[in-house]
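Beneath this line is the structure, given in structure tokens, with notes to follow.
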Amino acid sequence: MAHSHDHSGHDHGGAGHVHGSTDKKRVLIAAGLTAGFMVAEALGGLFTGSLALLADAGHMLADAIALGLAWYAFHLAGRPATGQLTYGFGRVKTLVAYTNGIAIFVIALWIIYEAWERLQTPAPVLGGPMLVVAILGLLVNLGSFFVLHGGDRESLNMRGAILHVLGDLLGSAAAIVAALVILATGWTPIDPILSVLVSLLILSTAWSLMRAAAHVLLEGVPPSLDRDLIARDIEATVGGVREVHHMHIWSLDGASNMATLHACLNDGVDAYQAVSAVKKRLASEHGISHATVEPEFGKCADEGDDHGHEHEHDAVPHHGHYH
């Protein structure tokens with residue numbers, strides 16, 4: 001049938017599996033390093049009285065979870081879809097990422113509150129041990145960064161993992177600066193001040209994570225794509241396609257883009273060839289590898305039904321005309 005799905009855009013070759021396997025191992029190593037030192041840094045923060053170390057430990061906790069999710073995403077990618085989960089398990093990562101973002105917000109707000117309390121009532125900080133722990137944290141984060149840096153930079157999952165580790169590097173650097181200032185001047189307020197800066201970094205990361213996850217969950221058009229321009233491109237380049245409407249574009253997991261659309265064809269056009277050409281154009285030019293195309297001749301099959309197909313969210317502008 002014309003509704004059959006096209007999988008030509010998926011990479012089933014050996015190179016894709018090799019990249020996925022090595023990236024999975026790299027992310028797992030980075031997650032282990034981050035989680036392990038996060039515990040040591042939290043204990044160090046409690047021992048030295050350093051809020052900056054605790055703030056960085058909170059950041060590393062969030063990032064250890066994020067790296068774990070990245071690993072789990074690679075793990076789930078190999079599972080087939082089921083009769084109940086027909087798209088597979090790709091969206092699990094997005095659901096947990098949104099929840100993770102909320103958790104990061106709570107951690108960051110707690111650190112900011114503690115910093116305010118610390119500024120009101122300064123507490124002693126052991127600068128020497130704090131410096132040692134912070135330097136060790138920087139070395140661990142550098143190790144994680146270089147492990148991930150050798151992976152597939154084209155993978156959105158891998159790029160996200162690298163960004164998290166870069167955030168940890170900044171947190172460790174802030175703790176080192178705070179320790180050096182305390183050792184040189186004895187001025188302990190630098191510790192809560194820098195912990196607030198790290199918390200703001202965490203909040204920024206959390207907000208970006210939640211916004212991106214929410215956009216995917218709401219099945220919004222991926223930021224890199226323009227639905228209306230893609231519809232016009234199909235009309236202009238695919239022979240026999242007179243008009244495209246009822247077009248929806250979304251992402252399953254932030255990486256796999258999908259689309260459904262109605263293609264109004266000229267009389268006498270071979271429907272199979274037209275649908276195949278539309279799918280190939282979507283895959284090759286727009287990165288949409290999974291599409292459902294409904295061919296139409298004359299009147300749209302959905303016109304006149306009771307489902308409100310003329311709502312704005314279904315419309316694709318066509319020279320001032322809307323379906």
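Values below: every heavy atom of this structure, side chains too, minus hydrogens, waters and symmetry copies.
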Which heavy atom in Met60 sits nearest to a heavy atom in Thr34, and how many Å separate them? O-CG2, 3.4 Å

Strictly by modelled atom types, are Ser172 and Asn141 linked by a side-chain donor-acceptor pair under 3.5 Å? yes

Could you check whether any side-chain heavy atom of Leu142 comes within less than 4.5 Å of a side-chain heavy atom of Leu169, counting everything from C-beta outward? yes

In the structure I gave you, are the side-chain heavy atoms of Val196 and Ile111 within less than 4.5 Å of one another anywhere? no

Treating Asp191 as the side-chain partner and Ser50 as the backbone partner, does any N or O pair qualify as donor plus acceptor under 3.5 Å? no

With no hydrogens and no angle check, is any side-chain donor or acceptor of Thr237 less than 3.5 Å from a backbone partner on Asp233? yes

For residues Trp250 and Tyr87, report the shortest heavy-atom separation together with the two atoms involved. CZ2-OH, 3.5 Å

To the nearest 0.5 angstrom, please state how far the CD atom of Glu296 sits from the CG atom of Leu265. 8.0 Å

Any side-chain heavy-atom pair of Trp187 and Ile193 under 4.5 Å: yes

Looking at Tyr113, I want to see if its OH is surrounded by more than 12 non-hydrogen atoms of other residues, nucleotides or ligands under 6.0 Å. no

So do Val165 and Asp63 actually touch side chain to side chain, heavy atoms under 4.5 Å? no

Taking a hydrophobic cluster as the set of Ile, Leu, Val, Met, Phe, Trp and Tyr residues connected by side-chain heavy atoms closer than 4.5 Å, whether directly or through intermediates, do Val181 and Leu54 fall within one such cluster? no

Considering all heavy atoms, the nearest Met247-Ile230 contact: CE-CG2, 3.5 Å

Determine, using the 4.5 Å side-chain heavy-atom cutoff (strictly less than), whether Leu126 and Ile135 are members of one ILVMFWY cluster. no

Can you tell me how far the CG atom of Asp270 sits from the OG atom of Ser276, to the nearest 0.5 Å? 9.5 Å

Between His246 and Glu294, a side-chain donor and acceptor under 3.5 Å: no

Does any part of the side chain of Ile288, heavy atoms only, come nearer than 4.5 Å to the side chain of Leu225, both counted from C-beta? yes

Output the distance between atom OG (Ser208) and atom CG (Leu203), rounded to the nearest 0.5 Å. 10.5 Å

Donor-acceptor pair, Glu41 side chain versus Val133 backbone, under 3.5 Å? no

Taking every non-hydrogen atom, the tightest pair across Gly68 and Ala31: N-CB, 4.2 Å

Is there a side-chain contact between His248 and Glu219, using heavy atoms and a 4.5 Å cut-off? no

Determine yes or no for a side-chain-to-main-chain donor-acceptor pair under 3.5 angstrom, with Ser195 supplying the side chain and Pro192 the backbone. yes

With the 4.5 Å side-chain cut-off for hydrophobic clustering, are Leu194 and Leu119 part of the same group? yes

Looking at side-chain heavy atoms only, is the closest gap between Pro124 and Thr188 below 4.5 Å? no

Give the minimum heavy-atom separation between His245 and Cys300, together with the two atoms involved. NE2-SG, 3.6 Å

Which value, rounded to the nearest 0.5 Å, describes the distance between His215 atom NE2 and Met210 atom CE? 15.5 Å

Could you label the plane-to-plane angle of the His75 and Tyr72 rings as parallel, tilted or perpendicular, counting under 30° as parallel and over 60° as perpendicular? parallel

Closest non-hydrogen contact found for Ala178 with Met130 is CB-CE, 3.6 Å

If Ile, Leu, Val, Met, Phe, Trp and Tyr residues are connected whenever their side-chain heavy atoms lie under 4.5 Å apart, and connections chain through other members, are Trp116 and Val106 in the same group? no

Does the side chain of Leu261 reach to within under 4.5 Å of the side chain of Leu282, using non-hydrogen atoms? yes

To the nearest 0.5 Å, what is the distance between CZ on Arg91 and CG on Leu217? 6.0 Å

Check the surroundings of atom OH in Tyr98: do more than 12 heavy atoms from other residues, nucleotides or ligands lie under 6.0 Å from it? no

Measuring from atom CG of Leu136 to atom CD1 of Ile176, what distance do you get when rounded to the nearest 0.5 angstrom? 9.5 Å

Backbone N/O of Val147 and side chain of Arg26: donor-acceptor pair under 3.5 Å: yes

Linking I/L/V/M/F/W/Y whenever their side-chain heavy atoms sit closer than 4.5 Å, directly or via other members, would Leu109 and Leu200 fall into one cluster? no

